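For reference, the structure discussed in these notes is given below.
Just so we're on the same page: letters track the sequence lines, and every chain starts at 1. Everything quoted here is computed from the prediction, not taken from an experiment.
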There are 4 protein chains.
Amino acid sequence: MSSYARLRSTALELFASRGFQATGIRELAAASGISLATLYHYMDGKEDLLVRLMRESLGRLIDDARTVLAKVNSPVEGLAALTIMHVLAHGLRRTQTVVVDTELRSLGKENRDIIVALRDEYEELWRLQLAGGSASGTMTVPDARVTRLALLEMCTGVAYWYSDTGELGLDQVATIHADLVLAQVEARQEQGRIRLTDLDLPPITWFRELVLCEE
Amino acid sequence: MSSYARLRSTALELFASRGFQATGIRELAAASGISLATLYHYMDGKEDLLVRLMRESLGRLIDDARTVLAKVNSPVEGLAALTIMHVLAHGLRRTQTVVVDTELRSLGKENRDIIVALRDEYEELWRLQLAGGSASGTMTVPDARVTRLALLEMCTGVAYWYSDTGELGLDQVATIHADLVLAQVEARQEQGRIRLTDLDLPPITWFRELVLCEE
Amino acid sequence: MSSYARLRSTALELFASRGFQATGIRELAAASGISLATLYHYMDGKEDLLVRLMRESLGRLIDDARTVLAKVNSPVEGLAALTIMHVLAHGLRRTQTVVVDTELRSLGKENRDIIVALRDEYEELWRLQLAGGSASGTMTVPDARVTRLALLEMCTGVAYWYSDTGELGLDQVATIHADLVLAQVEARQEQGRIRLTDLDLPPITWFRELVLCEE
Amino acid sequence: MSSYARLRSTALELFASRGFQATGIRELAAASGISLATLYHYMDGKEDLLVRLMRESLGRLIDDARTVLAKVNSPVEGLAALTIMHVLAHGLRRTQTVVVDTELRSLGKENRDIIVALRDEYEELWRLQLAGGSASGTMTVPDARVTRLALLEMCTGVAYWYSDTGELGLDQVATIHADLVLAQVEARQEQGRIRLTDLDLPPITWFRELVLCEE
DNA sequence: GATGAATGAGACTTCATTCAT
DNA sequence: CATGAATGAAGTCTCATTCAT
């Protein structure tokens, strides 16, 4: 494992647990097993490191979302698939996603704009599913924006409370969330209410591999 | 407005926007209009100030939850009422609730334990509604714990994205969330699915007054 | 016990153990059982308190020295009597004497001059005995000043190492020091070397009462 | 002269004159000609600096005592040699020895224990001479412990009152103290009382070189 | 590539003291 | 007598960063 790879994961770990501001650059160096000055070979500054990590993480999320959407045939399927991917990503790549979610306020204006743009790009993919479902009458969405934000907050929250050591596996948590989301938008077909099991999605292991894939 | 009151609201403002770690005590003093040394008449230390604010906020939330629950006649009503109160509190007392939600990690073990205990006390009130609804068959709850956490994350999220200047008023946001929650648990009576308008709850203005009430 | 008396003894205790600089004015108030502001009814400032305590202590030492010298008939007796009194005072009024000995450097120039003058006044009484003994041939003093300072340092040192809980009582320590001093100056009469027991001094209980006397 | 060497001697100077507590680290940095932050490259904290200086000083004293004792043939010579060395060290390395003697109380328990152990190690060397002389009948020691402490206080005191600008040179002060000590223990051989000039010790210049030697 | 030394700015906190009540 | 509120100055220490080597 290279110095930079160690730095990367150490930084995510520390930023996610202590917070960006509370993480000293010396801690970072020590925990990464490199010297303080060497740290500056790998980054231009503390904020630059942060923004890089956030871009990588959000970029990955967007890529995965696109991969997932390429496999579906309807807004309802798209919404369910995004939910599963999102929950798995927030459980399996917890540190990354927490940092993105938490440390926007630690960025200067310029960097914040960059990250917000990426976040918007990601949320747009969710918006499209809700809009599509609403238009085709397969979802009931009281308010498009509020619903989208509510769903996202709910699914993102997994990163904060999920623990490997609990009774429930992450796959189940993801499945439950997909069902909650479908319930929330009252997803239906001609036959009536749709549950996750009614959909023709790739198996959860496929999602898991996608999300865990190192590159 | 007393020095302490000013300090209190300033601290909440700054902790919520910049973060606890990122807020210097000099800023705090300056923004409160008191001297740096005077600050220490009103607090024993930065963390003590934080924990005090968090206790007050959570204590208030618990009180309001109890007040609200005294007005309802069923788990479904209880859940809806809690949702409305929670969303209003997170929109109207945004700084408080954000600080509680965000800065747990800034506390030392002892203080963290205190706050976690309060938070658990609050969540227990939610758990009871879900358990009651599930037992009486008026709700479908795939997994009690996951559902509870998912709902809470969703409603808490309002504090992060709601803005007074948007199209939608907070009352509407609260109403929408209540409906989303009822949809999520598939709330029903003999007659079938229940929506918020089917319930016999106090008017939203009552909730608003409760949540805003200064004492 | 009056507030001031408590303050006095508390201050001596703290100044002697922690040091003047290391003793906070809040500690002082708390340990004296009075409020911070009330402290300033009893003193004009921290240094003023210190200098007052030092003056009292040195004044007392000078008085006792004069009392003692009024009882003797020769320089040798005078030296022995001063030694006994000095050792008893440094053992029984330890805090006072330690503060005087230790905290000269904490005084501003003006106050320091006052205390140094008192100290000189006290040491002059010792000098007179050594000079008298040397002149009359009852002592051998290699160098008057060095001898005086050496003896004083030796006797003053008792305040630092003597403990009530040790095997030896303070009376014995004082006696031993008197003998060491007589040996050091090779005190003698026509008959030869003189030891403490050869002298016609008041009993040690008389010294002890003098030193302990509250007024 | 390296930054650390300057810091070292500056710290000794300031700690000895103002006292440890009264010496601010800003003063320390300024007087050492380095920046406040650079100070912390050379020390872990103020107390750590103090304890390091004390350890060095006491270690040196112990080494010199051992060197000196290797040159003597009897307890009486040992006692005289220790006295000369001790007085020279306290006159020539005044700041070090004063700090050791004065600032024990400024140390926390752990550090204090370390320094007290070293001090005990040094005093043990004195104790051995007195015990040896007493056993062989070449000294009269009323009470072994009291005598030891009294002698040490006397000799240590030199650091407080000796000044280069006085009439007497330090060599003479050391010699006088050795004679006082011999008088105090009534050192003798078959022929009778022994004075310093009767002993076969290295010349005082040898002691002086030993004590001044930089390494 | 890697590092130890160095630093200005700022962190949190306590200091002795004053003053209106 | 006694006090709570208030403060400027100073306390110790850490921050992210630079640079010569």
TODO: Describe the nucleic acid contact of A:I34 in one word from base, sugar-phosphate, nothing, applying a heavy-atom distance below 4.0 Å.
DONE: nothing

Open item on the list: I need the CZ-C1' distance between C:F15 and E:dA16, as an integer number of Å.
Closed with: 12 Å

Task: Any side-chain heavy-atom pair of B:L28 and B:F15 under 4.5 Å - done: yes

Open item on the list: Measuring to OP1 and OP2 of E:dT3, would you say a side-chain N or O of A:T38 lies under 4.0 angstrom away?
Closed with: yes

- [ ] Please state how far atom CD1 in A:I25 lies from atom C1' in E:dA9, giving the value in whole angstrom units.
- [x] 15 Å

TODO: For atom CZ of C:R55, decide whether the heavy atoms of other residues, nucleotides or ligands shown that lie under 6.0 angstrom number more than 12.
DONE: no

Open item on the list: Any strand counts, and the cut-off is 3.5 Å on both contacts for Watson-Crick or G-U wobble. Which nucleotide pairs with F:dT7?
Closed with: E:dA16

TODO: Hunt down the Watson-Crick or G-U wobble partner of F:dC13, both distances under 3.5 Å, from any strand shown, or write none.
DONE: E:dG10

Open item on the list: Just the rounded figure in Å: distance from C1' of E:dT14 to CG of C:L28.
Closed with: 16 Å

- [ ] Specify the separation, in whole Å, of atom CZ of D:R18 and atom C1' of F:dA10.
- [x] 15 Å

Task: Nearest-Å distance for atom pair CG/C1', residues C:L14 and E:dA16 - done: 16 Å

- [ ] Working to the nearest 0.5 Å, report the span between CZ of D:R60 and CG of D:L58.
- [x] 12.5 Å

- [ ] Return the nearest nucleotide to the side chain of A:S35; candidates are E:dC12, F:dT17, E:dT3.
- [x] E:dT3

Open item on the list: Assuming nearest nucleotide by heavy-atom distance, tell me which of C:A37 and D:G24 is located more 5' along DNA chain F.
Closed with: C:A37

Task: Which residues share a side chain to side chain contact (heavy atoms under 4.5 Å, CB included) with D:Y40, sequence neighbours left out - done: D:I25, D:M43

Task: Residue met sooner reading DNA chain E from 5', once C:M43 and B:Q21 are mapped to nucleotides - done: B:Q21

Open item on the list: Whole angstroms only, please: what is the CG-C1' distance between B:L36 and F:dG8?
Closed with: 10 Å

- [ ] Looking at every strand, decide which applies to B:L39 at a 4.0 Å heavy-atom threshold: base, sugar-phosphate, or nothing.
- [x] nothing

Open item on the list: With heavy-atom distances below 4.5 Å as the criterion, would you say the side chains of C:T97 and C:D101 are in contact?
Closed with: no

TODO: Name the residue closer to the 5' end of DNA chain E, choosing between B:E47 and C:K46 according to the nucleotide with the nearest heavy atom.
DONE: B:E47

TODO: Return the 5'-most residue of the pair A:D44, A:E27 with respect to DNA chain F, ranking by each residue's nearest nucleotide.
DONE: A:E27

Task: Sugar-phosphate, base or nothing in reach of A:Y42, heavy atoms under 4.0 Å - done: sugar-phosphate

Open item on the list: Could you go through A:D48 and A:R52, starting from their C-alpha distance and side-chain angles, then the distance that decides it, and tell me whether this counts as salt bridge (Lys or Arg N to Asp or Glu O under 4.0 Å)?
Closed with: CA-CA 6 Å; A:D48 281 320; A:R52 184 137 44 105; over 6 Å; no

- [ ] Give, ordered by number, those residues of residues 48-57 of chain C having at least one heavy-atom distance below 4.0 Å to an atom of DNA chain E; if nothing qualifies, reply none.
- [x] none

Open item on the list: Is any side-chain heavy atom of A:M54 closer than 4.5 Å to one of A:S106?
Closed with: no

Task: Rounded interatomic separation in angstrom, taking NE2 from D:H41 and C1' from F:dT17 - done: 11 Å

Task: B:Y40 vs E:dT14: side-chain N/O to OP1/OP2 distance below 4.0 Å - done: no

Open item on the list: Under 3.5 Å, is there any donor-acceptor pair linking the side chain of D:R26 to the base of F:dA10?
Closed with: no

Open item on the list: Donor-acceptor check, side chain of D:E27 to backbone of D:G24, threshold 3.5 angstrom: yes or no?
Closed with: yes

